[in-house]
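Worksheet for the structure shown next.
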Amino acid sequence: MNMLVKLGVVLMSTSIFVGCCGENSKQTECSKEQAVLETIMTRRSVRDYKAEPVCREQMAKIIECGIYAPSAMNMQPWAVRVVDAPDFIEGVTAIALEQMPQLKEQEGFRNFFRNASTVAFIACPEESYSGEYDCGLLSENMMLAAWSMGIGSCCLGSVVPVMNSEAAKPYLERLNLPEDYKLMVGIAFGYPAGDVPTAPQRDASKAFYIE
Ligand SMILES: Cc1cc2nc3c(=O)[nH]c(=O)nc-3n(C[C@H](O)[C@H](O)[C@H](O)COP(=O)(O)O)c2cc1C
């Protein structure tokens, strides 16, 4: 993170977050709240990573945080598969390049997963009450947990059509998803290389009170 971005984050933390502490809040509760808010507000989609995969102990914590997400009736309608095998990442990258040769033109292109060496594949039942929603909650829990440990992430919807293509069938099979599950999204995880991007603009008018 460059100095300007860091300064912005710190100023934002003090101006937005301190105001949330009611008079009765205990100091410890307040700083816990600030840590959560800061993680949420500073998480960004990271699209360039150092070459090493995320340490498996850290990934275990990230997965645990994922499966502690809420799900309708606690059905936990998800399947999570984490891959850090180089032959898998390189194999899918080769297939993606066949289908989209222009990918190679991306600056610093190393692989199809935004250069991450660890990728989580999230799947949900083809038919379910709230599987897609629940998988979204699980995914966000994983990404926020990662960011709180300094690990970047990026949701990758673009991996789904490639993984579902005929050429990638052996890789999809390797994920060993339960029958009747469909791949929802991939999530790149890794140690950020370079500056973390600034937040794309949000449209605050999409959420409001009805009096
Ligand atoms: C379901 C989903 C699919 C996404 N797919 C991609 C993708 O294929 N490639 C990519 O670079 N970013 C992808 N993103 C990341 C979004 O572009 C990013 O979240 C958005 O621009 C907001 O930026 P931020 O995450 O830094 O706040 C995806 C995000 C979501 C939630």
Side-chain angles (χ1 to χ4, degrees), residues 1-2 4-6 8-9 12-13 16 36-50 62 65-66 69-71 77-81 83 89 92-93 95-126 128 130-165 168 171-172 175 181-207:
M1 220 187 297
N2 71 30
L4 265 181
V5 175
K6 266 189 190 154
V9 166
M12 206 174 62
S13 323
I16 297 175
V36 172
L37 296 181
E38 187 166 325
T39 300
I40 291 171
M41 295 302 284
T42 61
R43 179 215 57 82
R44 295 276 70 78
S45 291
V46 172
R47 297 188 175 86
D48 197 14
Y49 299 94
K50 292 183 180 157
I62 290 167
C65 289
S71 64
W78 44 58
V80 180
R81 303 288 183 264
V83 173
I89 306 272
V92 177
T93 296
I95 292 165
L97 279 171
E98 288 254 306
Q99 297 174 7
M100 295 167 278
Q102 71 279 11
L103 283 175
K104 199 123 210 193
E105 287 155 29
Q106 282 173 6
E107 209 188 316
F109 181 90
R110 281 202 317 270
N111 75 40
F112 176 49
F113 302 97
R114 294 289 186 185
N115 293 345
S117 297
T118 301
V119 183
F121 293 90
I122 314 295
C124 78
E126 268 163 26
S128 75
S130 62
E132 297 192 5
Y133 189 91
D134 296 334
C135 280
L137 295 171
L138 163 124
S139 301
E140 179 69 337
N141 261 23
M142 290 177 73
M143 293 190 287
L144 290 175
W147 189 234
S148 75
M149 295 187 253
I151 295 165
S153 64
C154 186
C155 254
L156 297 173
S158 51
V159 311
V160 176
V162 173
M163 288 296 291
N164 283 335
S165 68
Y171 295 98
L172 190 67
L175 294 183
Y181 268 53
K182 61 178 177 185
L183 192 58
M184 285 296 309
V185 80
I187 311 177
F189 286 99
Y191 306 107
D195 290 345
V196 170
T198 48
Q201 209 177 2
R202 267 31 182 205
D203 178 358
S205 72
K206 286 176 183 279

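Atoms within each ligand, like the ligands themselves, are counted from 1 in listed order. Predicted, not measured: the structure shown is a model, and the values here were computed from it.
Selection from M41, M143, R47 by nearest heavy atom to atom 16 (C) of ligand 1 gives R47.
Contacts between R202 and ligand 1, counted as non-hydrogen atom pairs separated by less than 4.0 Å, involve the side chain only.
With rounding to the nearest 0.5 Å, the separation of CD1 in I122 from CD in E132 is 13.5 Å. Interatomic distance, R202 CZ to K206 NZ, rounded to the nearest 0.5 Å: 11.5 Å.
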Throw together a table of side-chain donor-acceptor distances under 3.5 angstrom for residues 137-146, partners on residues two or more places apart or in other chains.
{"unit_1": "S139", "atom_1": "OG", "unit_2": "C135", "atom_2": "O", "d": "2.7"}
{"unit_1": "N141", "atom_1": "ND2", "unit_2": "C65", "atom_2": "O", "d": "2.8"}

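Protein heavy atom nearest atom 13 (C) of ligand 1, with residue, atom name and distance: C155 O, 2.9 Å. Scanning the protein heavy atoms around atom 8 (O) of ligand 1, the nearest turns out to be S158 OG, 2.9 Å. Atom 18 (C) of ligand 1 has as its closest protein heavy atom S45 OG, 3.4 Å. The nearest protein atom to atom 5 (N) of ligand 1, hydrogens excluded, is given as G157 N, 2.9 Å; this is a heavy-atom distance. The closest protein non-hydrogen atom to atom 1 (C) of ligand 1 is V185 CG2, 4.4 Å. Of the protein's heavy atoms, P200 CG, 3.4 Å lies nearest to atom 23 (O) of ligand 1.
Within the 4.0 Å heavy-atom shell around ligand 1 one finds C154. In this structure, Q106 does not count as a contact residue of ligand 1, since none of its heavy atoms falls inside 4.0 Å of the ligand.
F109 has its side chain within reach of T93: a pair of non-hydrogen atoms, C-beta onward, lies under 4.5 Å apart. The side-chain heavy atoms of V46 and C154, taken from C-beta on, include no pair separated by under 4.5 Å.
Side-chain atoms of W78 never come within 3.5 Å of backbone atoms of D134 as a donor-acceptor pair (strictly under, hydrogens ignored). Checking side-chain atoms of R114 against main-chain N and O of N111 turns up no donor-acceptor pair under 3.5 Å. Judged by distance alone, the side chain of R110 and the main-chain N or O of Y49 form a donor-acceptor pair under 3.5 Å.
Of all atoms in ligand 1, listed by their number and element, those nearer than 4.0 Å to a heavy atom of R44 are 24 (P), 26 (O), 27 (O). Set against the non-hydrogen atoms of L156, the atoms of ligand 1 under 4.0 Å away are 5 (N), 6 (C), 7 (C), 8 (O), 9 (N), 10 (C).
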